[in-house]
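Here's the structure we're looking at; comments come further down.
Numbers here are sequence positions counted from 1.
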Amino acid sequence: MSDSVLHTLLSFALVAGLITIIPGLDTAVVLRSALTSGRRQAFAAAFGINAGALVWGAAAATGVSVLLTASHAAYTGLRVVGAVYLLWMGIGMLRAARRGEVRGAAETVVDAGVVRAFLRGAWTNLLNPKVGAFYIAIFPQFMPAHVSHLAMGLGLAGVHDAEALVWFTVLILCAHQARAWFAKRRVKRALDAVTGTVLVGFGVELALRG
């Protein structure tokens, strides 16, 4: 690895690190999974989010996500789909909180739950056009000359993923200590209500964004 590439990755790490710790949609999804479903599902959601970020990184590096900034129709279409997905998840949690639905212990340990958590994380990231817009805006500033854009894009996204995984791990381990309290029916309903409201808020904000 050349000095210029290493310097670029380190510089990007500073910017990405600040973005990573800002509370947002990804943090809400991972934290909710950690508090209600356990570490396996939470890490699965985190890896799903990171997988989505790698896809966005490759898209931004190869110019695919330029379509989202150049084509209003394409951006609007993805924005609407993402908003609907967030609203669907958020409303589902609000309904569960209102009805007092609590999943049984058996459901929280099956492998299918891990797969669903991974897909939930991946789709949450992939259907958020703001991720693509961020990458397409920031990547050109961290692209050394004579370096494969695809390789560099994946490298930058990989740095972002590594930092996100460290941050998610801290959140998950801390949440695990408090999970027994959050597993109580009343607290679980309150957590679903709060998380559902946050997701609905993100969905509405995404839908109204021009």
Side-chain donor/acceptor pairs under 3.5 Å, residues 152-174, sequence neighbours excluded:
{"residue": "His160", "atom": "ND1", "partner": "Tyr135", "partner atom": "OH", "Å": "2.8"}
{"residue": "His160", "atom": "NE2", "partner": "Thr20", "partner atom": "OG1", "Å": "3.4"}
{"residue": "Glu163", "atom": "OE1", "partner": "Gly17", "partner atom": "N", "Å": "3.0"}
{"residue": "Thr169", "atom": "OG1", "partner": "Leu165", "partner atom": "O", "Å": "2.7"}

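- Smallest separation of non-hydrogen atoms from Ala45 and Val29: CB-CG1, 4.4 Å.
- Partners of Phe142 according to the ring-ring contact (aromatic ring centres under 6.0 Å, His included) rule, which considers only residues two or more places apart in sequence or in another chain, are Phe12.
- Taking CD1 from Ile49 and CG from Asp26, the interatomic distance works out to 4.0 Å, rounded to the nearest 0.5 Å.
- Across Gly52 and Asn125, no two heavy atoms sit closer than the pair C-OD1, 3.2 Å.
- Taken together through direct or relayed side-chain contacts under 4.5 Å among Ile, Leu, Val, Met, Phe, Trp and Tyr, Leu9 and Trp56 form part of one hydrophobic cluster.
- Here the CD atom belonging to Gln41 is positioned 9.0 Å from the CZ atom belonging to Arg120, to the nearest 0.5 angstrom.
- Arg39 is not listed as a side-chain neighbour of Ser33, based on a closest heavy-atom distance of 4.5 Å or more.
- Side chains of Asn128 and Thr124 form no contact here, defined as non-hydrogen atoms less than 4.5 Å apart.
- With hydrophobic clusters built from ILVMFWY side chains whose heavy atoms lie under 4.5 angstrom apart, Val30 does not share a cluster with Leu54.
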